[in-house]
Amino acid sequence: MDGNKLENFYKENLEERIMSYLAEVENISYERSLEIYYGSRLAKKIQEGREGIQYLDYKVLVDILKETEPELFY
């Protein structure tokens, strides 16, 4: 598996963990967590690999999302 495929696989798994954990801690449906995550600036940063943010723990990323983009939760 080449580096790009491995990186994409890692990001897909990271996004899955973020959305599952977000649904769990916010007590919302998985579908709602998809809307929140994919509507966030965080998702774009992870997809673009900016600032190495994609290497943080998924729980930390959910905390960052909740802290920096609270408007998405209303």
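Numbering starts at 1 and runs along the sequence shown.
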Q | Considering all heavy atoms, the nearest S29-A23 contact | A | O-CB, 4.0 Å
**Q.** Spatial distance of atom CG (L61) from atom CG (L56) [nearest 0.5 Å]
**A.** 5.0 Å
Q) Out of curiosity, L14 CG to E7 CD, how far, rounded to the nearest 0.5 Å? A) 10.0 Å
**Q.** Distance-minimising heavy-atom pair for L34 and M19
**A.** CD2-SD, 3.0 Å
Q) Can you tell me how far the CD1 atom of I18 sits from the CD atom of E16, to the nearest 0.5 Å? A) 10.0 Å
Q.
Between E15 and Y37, is there a side-chain donor-acceptor contact under 3.5 Å, judged purely by atom types and distance?
A. yes
Q.
I'd like to know if L6 and Y10 are part of one continuous hydrophobic network [Ile/Leu/Val/Met/Phe/Trp/Tyr, side-chain heavy atoms within less than 4.5 Å].
A. no
Q | Over 12 foreign heavy atoms within 6.0 Å of NZ, K11 | A | yes
Q | Distance-only donor-acceptor check, side chains E24 and S20, under 3.5 Å | A | no
Distance-only check: which donor-acceptor pairs under 3.5 Å involve side-chain atoms of residues 67-74, not counting sequence neighbours?
unit_1	atom_1	unit_2	atom_2	d
T68	OG1	I64	O	2.7
E69	OE1	R41	N	2.9
E69	OE2	R41	N	3.1
E69	OE2	L42	N	3.1

Q: Using a strict 4.0 Å threshold on nitrogen-to-oxygen distance, state whether R32 and E26 make a salt bridge.
A: no
Q. Which atom names give the shortest non-hydrogen contact between L22 and I28, and what distance separates them?
A. O-CG1, 4.1 Å
